Amino acid sequence: MKARRIKLKVIIAQKLLQANEEIAGENRHLLAKHDVLTLNLISAPGAGKTTLLEKTIAALKEEMVIGVIEGDIYTTKDAERIAGQQVEVVQINTHGACHLDAQMIREAINALPLAQLDLLFIENVGNLVCPAEFDLGENYKIALLSAAEGSDKPAKYPLVFREAQAAILNKIDLLPYMDFDLETMLAQVKKIKEELIVFPLSAKTSEGMGAWLQWLKRLVPKKKRLFATAW
Ligand code: MG
Ligand code: ZN
């Protein structure tokens, strides 16, 4: 009896993920139709996703049109900070759920002016575990870690690093005061995914931000060439 119940649970979980995949595919299709490069930022709480976004937007908003989907369990604090950058922001409150799913993103992108956007950031709920399992229809997942965390995080949470196309080590200004071992972290990342690009940076002091910004500029399709004379 018990075994059957467990089996049923597994089947339901598979069905949910399957339904998520389908909607994610539709999201990806819609975003591609409008040439919107979409990045899904995943980290534990407090790693600095919102600060990184604020600094990234401030540096790039003259050159491209950026939108943000802010995932948060209950509050709108992060969305208010991003809105201060005068970009399009849609807030998703998950009301307890510890990750965003493709259905939530479908509703959010319907509220965004996709035809105008070049780059869309999704700030996922602060959680290094299950956001990695949910395809939202993004082009790339970005794994974010901070020097205030343990350098063994990649080994402990390998899935997010396997799924990501780039990783950011934030708060490198704190490295002299922390036990964080950069070599250990980089070695672990290499073991999980040899080709994963890692950007060590400090969103607070801007150290190392240049390489990350250059990478973004290369990725974003230049469809707004007509309006962005800086290109
Ligand atoms: Mg945040
Ligand atoms: Zn979750």
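Remember, it's 1-based here, ligands and their atoms both numbered in the order they're listed. What you see is a predicted model; the values in this text were computed from it and never measured. One is the number of the first residue; the rest follow in order along the sequence.
- Between the Mg ion (ligand 1) and the N, O or S atoms of E123, the shortest distance is to OE2.
- Salt-bridge annotation for R28 and D135: present, with a side-chain N of the basic residue lying under 4.0 Å from a carboxylate O of the acidic one.
- Rounding to 10°, one obtains 90° for the angle at the Mg ion (ligand 1) between OG1 (T50) and OD2 (D78).
- Here the rule is side-chain hydrogen bond (donor to acceptor under 3.5 Å, both in side chains) with E138, and of T38, N27, N40 only N40 fits it.
- Rounding to the nearest 0.5 Å gives a distance of 12.5 Å between CG of L219 and CG of D118.
- Around the Zn ion (ligand 2), the protein atoms of type N, O or S found under 2.8 Å away are C98 SG, H99 ND1, C130 SG, listed by chain and number.
- Between W212 and F121, the two ring planes are tilted [angle within 30° to 60°].
- For E163, the side chain to side chain contact (heavy atoms under 4.5 Å, CB included) partners two or more places apart in sequence, or in a different chain, are K141, L159.
- Within a 6.0 Å radius of NZ in K193, other residues, nucleotides and ligands contribute more than 12 heavy atoms.
- Checked by atom type, the side-chain pair Q18/E22 shows no donor-acceptor distance below 3.5 Å.
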